[in-house]
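Here's a structure for you.
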Amino acid sequence: MSNFDYDLFVIGGGSGGVRAARVAAGETGAKVALAEEDRYGGTCVIRGCVPKKLMVFASGYPGMVEEGRAYGWDISLGGFNWDDFHGKLAAELDRLEGIYRKLLAGSGVETFDARARLVDAHTVELSTGERKTAKHILLAMGGRVSVPDVPGIEHAITSNEIFHLPQLPKSILIVGGGYIASEFAGVMNGLGVKTTQFYRGAQILRGFDDEARGLVAEEMMQRGVDLHLGTNVERMEKVEGGIKVTATNGSEQVFEQVMYATGRAPNTDDMGLEEVGVKLGRKGEVLVDDYSQTSVPSIYAVGDVTDRVNLTPVAIREGMAFVDTVFRGKPTPVDHDLIASAIFTQPEMGTVGLSEEDAAAQEPIEVYATSFKPMQSSFAGKSDRVLMKLIVSKATRKVLGCHIVAPGAGEMIQLAGIAVKMGATKEDFDRTVAVHPVMAEELVTLRSPIRET
Ligand code: NDP
């Protein structure tokens with residue numbers, strides 16, 4: 001008999017924490033508790049992937065109506081009712097949170113709607129004042145938005161607030177060039193908001209394949225996003241009708257809203273971590289080994305709080321591997337290699353493996369790519385372009401990277417990701433007969449390299 005209150009105490013009710021708690025309690029019979037100070041479901045469900053994707057859907061209809069007209073439909077675009085959409089969005093998030101709570105209860109996990117912090121290697125203290133002990137503690141607190149210290153930053157919103165605006169603004173400035181900034185620039189523009197984006201560097205989506213992010217940026221501008229590269233905010237002040245923004249290039253403009261999407265930081269402040277001996281990295285992330293174990297043997301950590309690959313499916317994998325390791329006696333490291341992902345810009349980008357630049361720095365490669373006007377929008381008289389690109393190792397013939405910029409690229413890369421993860425060669429792609437007529441058929445009909453290094 002254990003002397004602890006629980007076998008496992010999980011801090012954080014997001015994707016990673018909930019999955020680990022449910023599986024440990026429901027499938028291994030462990031006695032599990034979980035504390036969440038905010039809403040169950042975490043960033044992804046409550047203020048991230050899920051509401052974002054619903055907003056991406058909402059913002060796509062004006063383009064569809066326009067295209068429909070070109071196909072002979074006698075339709076025109078009416079107005080967008082933000083209150084209506086927002087009400088439905090809030091109800092959907094309530095529904096999803098309810099499911100998360102039900103799943104936990106159904107697996108026998110005891111939940112505390114409270115903040116928890118560490119007291120020692122086996123004890124947490126809840127904001128209610130109660131203390132609980134556990135043989136193992138799992139840190140799954142996720143991350144939070146991080147904004148720079150710019151004069152007037154208090155006037156700006158972040159991705160936390162964008163889903164709850166009382167009304168849709170007439171104009172918005174989005175600051176940043178990462179996933180969140182670029183996705184919301186597309187969403188706001190699609191919803192009819194005059195959208196400006198400032199990015200301090202030379203091209204948005206740093207770290208992704210240059211050709212792919214270049215095309216995304218071009219297409220975003222063509223759809224109406226006023227993208228300013230090499231530009232940042234110097235200061236902001238509240239004025240009649242909005243926020244006056246002075247840019248680093250000296251220009252001044254008033255926007256009804258300014259949204260910062262300048263990165264996220266691990267949620268490790270004031271958790272008692274270092275006092276207990278849990279080592280943190282430079283950004284405040286919890287340092288873990290391949291099995292998600294921290295420097296304190298009874299304490300593990302999964303998801304964004306560890307700042308490994310900050311994506312929901314990765315946190316879920318880490319949570320499951322933790323349960324296998326600790327509760328099933330099967331030490332399981334998480335494989336963080338070749339994770340396919342999608343960026344819901346407009347057009348979408350789907351990517352797996354190495355960018356051309358990273359692959360070329362590693363070994364001799366061949367680059368196969370084609371960029372073309374897809375049938376559906378081309379028929380409607382639009383000049384939209386898509387990109388299908390493969391990076392191939394000269395030595396092994398393996399596909400090292402696959403990059404797709406196209407409507408539906410997220411769906412496509414999920415499938416291409418299986419082949420790449422299996423180690424498919426260019427010749428494996430070539431002997432796959434095309435599906436016709438679809439955009440992705442180009443991935444199996446790329447004949448000769450456009451570049452070699
Ligand atoms: P990112 O780290 O992706 O991007 C941050 C952006 O802000 C970069 O363009 C960065 O510029 C810029 N920036 C940083 N500091 C400043 C500053 N002081 N002034 C101006 N610009 C600045 O963060 P996000 O917030 O976009 O997203 C956070 C994480 O959430 C992502 O890393 C990802 O893991 C996850 N996510 C994933 C999604 C998906 O899979 N589709 C969608 C949304 C989020 P620079 O490039 O110069 O550093």
Side-chain angles (χ1 to χ4, degrees), residues 14-16 42-57 142-153 156-163 173-187 196-208 210 212-213 216-217 220 227-236 245-249 258-267 283 285 303-316 318 336 339-352 355 404-405 408-411 413-414 417:
S15 305
T43 299
C44 174
V45 175
I46 303 298
R47 63 193 85 81
C49 328
V50 171
K52 179 275 307 285
K53 188 90 191 266
L54 291 168
M55 281 182 79
V56 170
F57 289 139
R144 59 181 153 73
V145 294
S146 138
V147 292
D149 193 13
V150 176
I153 190 70
I157 59 166
T158 68
S159 56
N160 289 340
E161 291 79 36
I162 193 85
F163 304 113
L173 168 67
I174 296 183
V175 183
Y179 287 81
I180 300 180
S182 305
E183 290 180 338
F184 273 98
V187 166
T196 307
Q197 182 179 358
F198 282 3
Y199 173 53
R200 63 181 179 181
Q203 186 54 280
I204 59 168
L205 300 172
R206 183 165 63 83
F208 292 99
D210 275 357
R213 63 202 185 110
V216 170
M220 282 171 63
L227 173 62
H228 295 257
L229 299 171
T231 310
N232 210 344
V233 172
E234 185 82 41
R235 61 177 179 277
M236 287 170 280
V245 175
T246 307
T248 41
N249 60 12
V258 176
M259 172 178 148
Y260 263 72
T262 46
R264 296 178 62 83
N267 248 336
K283 289 172 67 184
E285 75 277 18
D304 288 8
V305 80
T306 63
D307 196 30
R308 284 178 278 180
V309 179
N310 298 335
L311 299 170
T312 275
V314 176
I316 290 173
E318 291 167 356
H336 289 98
I339 294 168
S341 71
I343 303 140
F344 294 97
T345 39
Q346 301 180 21
E348 277 174 36
M349 175 154 118
T351 174
V352 61
S355 65
I404 303 175
V405 177
E411 303 287 349
I413 205 70
Q414 177 67 84

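What you are looking at is a predicted structure, and each value in this text was computed from that prediction instead of being measured. Counting starts at 1 for both ligands and their atoms, following the listed order.
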* Evaluating non-hydrogen atoms only, which member of Arg206, Arg200, Glu183 is closest to atom 42 (C) of ligand 1? -> Glu183
* Ala342 heavy atom under 4.0 Å from ligand 1 -> yes
* To do: Would you tell me which option among Glu348, Met349, Arg264 has the nearest heavy-atom contact to atom 29 (C) of ligand 1?
  => Arg264
* To do: Quick one: closest heavy-atom pair of Gly417 and Val352, and the distance?
  => CA-CG1, 4.3 Å
* Using a distance-only test with no angle check, is there a side-chain donor-acceptor pair under 3.5 angstrom linking Arg264 and Thr43? -> yes
* Among all protein heavy atoms, pick out the one at the shortest distance from atom 46 (O) of ligand 1; state its residue, atom name and that distance to 0.1 Å. =>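 It is Tyr199 OH, 2.7 Å.
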* Which atom names give the shortest non-hydrogen contact between Gly143 and Asn267, and what distance separates them? ->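 Heavy atoms of Gly143 and Asn267 come nearest at O-ND2, 3.4 Å.
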* Name the closest protein heavy atom to atom 2 (O) of ligand 1, giving the residue it belongs to and the distance to 0.1 Å. =>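 Looking at atom 2 (O) of ligand 1, the protein heavy atom closest to it is Gly263 CA, 4.1 Å.
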* For Gly410 and Glu348, work out which heavy atoms get closest and say how close. =>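 Shortest heavy-atom separation between Gly410 and Glu348 comes out as N-OE1, 2.8 Å.
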* Give the residue and atom name of whichever protein heavy atom lies nearest to atom 19 (N) of ligand 1, and the separation in Å to one decimal. => Asn232 ND2, 3.2 Å
* **Nearest non-hydrogen protein atom, atom 22 (C) of ligand 1** =>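 Checked against all protein heavy atoms, atom 22 (C) of ligand 1 sits closest to Thr262 CG2, 3.4 Å.
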* Asked: Can you tell me the protein heavy atom closest to atom 35 (C) of ligand 1 and the distance?
  -> Asn310 O, 3.7 Å
* atom 4 (O) of ligand 1: nearest protein contact (heavy atom, Å) ->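 Answer, as residue, atom name and distance: Gly178 CA, 3.4 Å.
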* Asked: Heavy atom of Ala261 under 4.0 Å from ligand 1?
  -> yes
* To do: Indicate yes or no: does an N/O atom of Gly177 lie under 3.5 Å from an N/O atom of ligand 1?
  => yes
* Of the listed options (Tyr179, Phe344, Phe208, Tyr260), which comes nearest to atom 38 (C) of ligand 1 when hydrogens are ignored and any heavy atom counts? ->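 Comparing heavy atoms across Tyr179, Phe344, Phe208, Tyr260, the nearest one to atom 38 (C) of ligand 1 lies in Tyr179.
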* Working for ring pair (Phe, Tyr, Trp, His ring centres under 6.0 Å), residues Phe163 and Phe184 -> CA-CA 11 Å; Phe163 304 113; Phe184 273 98; 5.7 Å; yes
* Is it true that atom CD of Glu161 has more than 12 heavy atoms of other residues, nucleotides or ligands lying nearer than 6.0 Å? -> yes
* Structure fact -> heavy-atom search around atom 26 (O) of ligand 1 in the protein gives Ile180 N, 2.9 Å
* Nearest heavy atoms of Met349 and Ala409, plus distance in Å -> C-CB, 4.0 Å
* Asked: In ligand 1, which numbered atoms sit nearer than 4.0 Å to a non-hydrogen atom of Pro148?
  -> 17 (C), 18 (N)
